[in-house]
Student: 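Here it is, the structure, as structure tokens.
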Protein chains: 2
Amino acid sequence: MSNYSSHPQFFVSVDCIVFGFNKGSLQVLIHQRPYSPGFGEMSLIGGFVEKEESIDISARRILKEFTGLDSVYMKQLATFGEVERDPGERVISILYYVLINVDKYDNNLSEIHNAKWVDVNTIPNLCFDHNKMVEMARTSLGAAIKVEPIAKYLLPKYFTLSHLQALHESIFNTPIDKRNFRRSIAEKDYIKATDMIDKDSSKRGATLYTFD
Amino acid sequence: MSNYSSHPQFFVSVDCIVFGFNKGSLQVLIHQRPYSPGFGEMSLIGGFVEKEESIDISARRILKEFTGLDSVYMKQLATFGEVERDPGERVISILYYVLINVDKYDNNLSEIHNAKWVDVNTIPNLCFDHNKMVEMARTSLGAAIKVEPIAKYLLPKYFTLSHLQALHESIFNTPIDKRNFRRSIAEKDYIKATDMIDKDSSKRGATLYTFD
DNA sequence: TCAAAAGTGTTAAGTTTACACCCATGA
DNA sequence: TCATGGGTGTAAACTTAACACTTTTGA
């Protein structure tokens with residue numbers, strides 16, 4: 001049998017950068033910490049890994065708690081293990097980023113958790129190393145969205161190309177040429193036009209698209 | 001003060017995929033496990049994170065133990081936290097890949113640790129999820145080497161373009177056109193020709209190049 | 001009737017790929 | 001003299017970037 005008992009054990013936490021696309025821009029869910037250390041400071045959502053729970057399952061449990069959502073798109077990014085990174089006790093933290101459809105977010109939970117959505121381009125000061133984590137996640141999301149159909153998890157089932165473009169512009173924080181953008185989308189076989197028209201966001205009406 | 005004590009603690013280990021470039025191909029350092037679980041099976045090198053030691057420092061300590069080298073190029077890749085991944089006890093493992101110059105590797109350590117170098121394209125069965133880890137590392141190394149001057153850490157100070165090409169071919173496990181390869185290298189400003197000639201690997205002699 | 005968002009093509013620049021022969025030298 | 005690895009250029013295909021006007025319709 002194994003004998004690992006000469007080695008120390010550590011608290012392990014999961015931190016999640018929850019991205020949502022709201023009012024034309026990419027936002028991140030943060031909340032005010034209700035406990036020390038960092039009491040009252042703004043923080044990513046997170047929690048501790050429990051016994052008999054894989055780190056992925058742990059992330060899902062924490063997300064359920066903070067968003068009310070059961071199945072979300074999650075991707076592990078990195079692990080932070082500096083000895084002093086949490087000023088309370090030593091905690092090794094595993095970072096995930098998470099994509100959710102804000103229409104399904106349970107707004108009641110904002111009050112319970114003192115949570116709010118903030119624009120990814122104007123993130124306030126967060127506790128510990130959390131600002132660094134957000135930048136890392138945004139870079140990674142940018143690389144992924146060029147190549148994988150993950151915008152699906154941020155958008156409603158049907159969306160206009162202007163919405164999709166606003167999402168990309170928000171992630172890269174830069175304007176994109178409309179014609180080039182539409183061509184690049186037309187080349188992706190996982191995004192399809194429907195025969196529905198959205199009349200809410202323009203007078204003329206815009207074709208609604210969907211994934212797959 | 002913090003009160004984390006209601007949460008469980010875990011063993012945390014570091015696993016390292018040590019890459020070296022030897023005899024024209026990319027190799028990985030593995031060793032035979034001298035303890036259970038997995039006794040006698042081949043394994044990546046690794047060890048436990050200790051108290052007051054950041055995970056990066058932990059990786060450096062373990063590398064020193066297995067290679068004799070103090071400063072190596074290291075990159076954190078991912079963390080594995082399935083409950084049953086280690087059949088002994090639950091261990092959360094943080095994966096790094098590491099690039100070393102095999103000329104500086106202390107060969108005496110191979111005997112002490114039952115270690116050996118194996119070609120990245122013919123890795124034997126390794127214990128636990130270690131084969132999966134190697135594939136992940138190779139993919140990540142491939143993406144990085146196209147863009148960053150990290151071949152520096154695998155090669156001697158002076159090298160021929162044929163050596164560098166062999167390294168790329170080994171990483172991608174595919175032949176590369178010599179003229180196209182040389183053009184792409186000429187465009188990188190961090191690789192420079194010297195006025196030295198290598199007479200060892202060809203009769204005619206080949207220009208030696210170096211990083212920066 | 002006009003403001004606001006939808007929609008649509010072409011050209012130039014740059015990048016990537018495919019491809020074959022001569023050179024210098026030691027054995 | 002010949003086998004071995006070193007070294008070199010060009011054309012076609014493809015990808016990316018830059019750029020402006022017309023359409024529809026509700027207010």
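A note on names: the letters A, B, ... follow the listed sequences, proteins ahead of strands, and every chain is numbered from 1.
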Student: Side chain of Arg179(B) only, please: which of dG9(D), dA6(C), dA27(D) is the nearest?
Tutor: dG9(D)
Student: Hydrogens and angles aside, do Ser25(B) and Asp119(B) bring a side-chain donor and acceptor to less than 3.5 Å of each other?
Tutor: yes
Student: Specify the separation, in whole Å, of atom CZ of Phe181(B) and atom P of dT15(C).
Tutor: 18 Å
Student: Does dA5(C) have its OP1 or OP2 closer than 4.0 Å to a side-chain nitrogen or oxygen of Lys199(A)?
Tutor: no
Student: Leu161(A) CG to dT8(C) C1': how many Å, rounded?
Tutor: 12 Å
Student: Among the nucleotides dT4(D), dG7(C), dA18(D), which one has an atom lying closest to any side-chain atom of Asn180(A)?
Tutor: dA18(D)
Student: Quick one: which of Leu167(B), Asn101(B), Leu99(B) gives a side-chain contact (heavy atoms from CB on, under 4.5 Å) with Leu155(B)?
Tutor: Leu167(B)
Student: Between dA6(C), dT8(C), dG6(D), spot the one nearest the side chain of Lys178(B), thanks.
Tutor: dG6(D)
Student: Given dA6(C), is OP1 or OP2 found less than 4.0 Å from the side-chain N or O atoms of Thr207(A)?
Tutor: no
Student: Taking atom NZ of Lys188(B) as the centre, report whether more than 12 heavy atoms of other residues, nucleotides or ligands fall under 6.0 Å from it.
Tutor: yes
Student: Output the rounded distance in Å from CG (Leu208(B)) to C1' (dG7(D)).
Tutor: 15 Å
Student: Whole Å only: how far is the CD atom of Gln165(A) from the C1' atom of dG7(C)?
Tutor: 12 Å
Student: Over how many whole Å does the gap from His163(A) atom NE2 to dA6(C) atom C1' extend?
Tutor: 12 Å
Student: Find which nucleotide of DNA chain D each of Ser162(B) and Arg183(B) is nearest to by heavy atoms, and output the residue with the more 5' nucleotide.
Tutor: Ser162(B)
Student: Heavy-atom nearest nucleotide on DNA chain D for Asp177(A) versus Arg204(A): which residue maps closer to 5'?
Tutor: Asp177(A)
Student: Pick base, sugar-phosphate or nothing for Ser201(A), based on heavy-atom distances below 4.0 Å to the nucleic acid.
Tutor: sugar-phosphate
Student: Rounded off to whole Å, could you give me the CZ-to-P distance for the Arg182(B) and dA18(C) pair?
Tutor: 19 Å
Student: Write down the distance between CD1 (Ile197(A)) and P (dT25(D)), rounded to a whole number of angstrom.
Tutor: 10 Å
Student: How about NZ on Lys23(A), more than 12 heavy atoms from neighbouring residues, nucleotides or ligands closer than 6.0 Å, or not?
Tutor: no
Student: Figure out the CD1/P separation between Ile176(A) and dT16(D), and round it to whole Å.
Tutor: 14 Å
Student: Looking just at side-chain N and O atoms, do Asp15(A) and Ser93(A) make a donor-acceptor pair shorter than 3.5 Å?
Tutor: yes
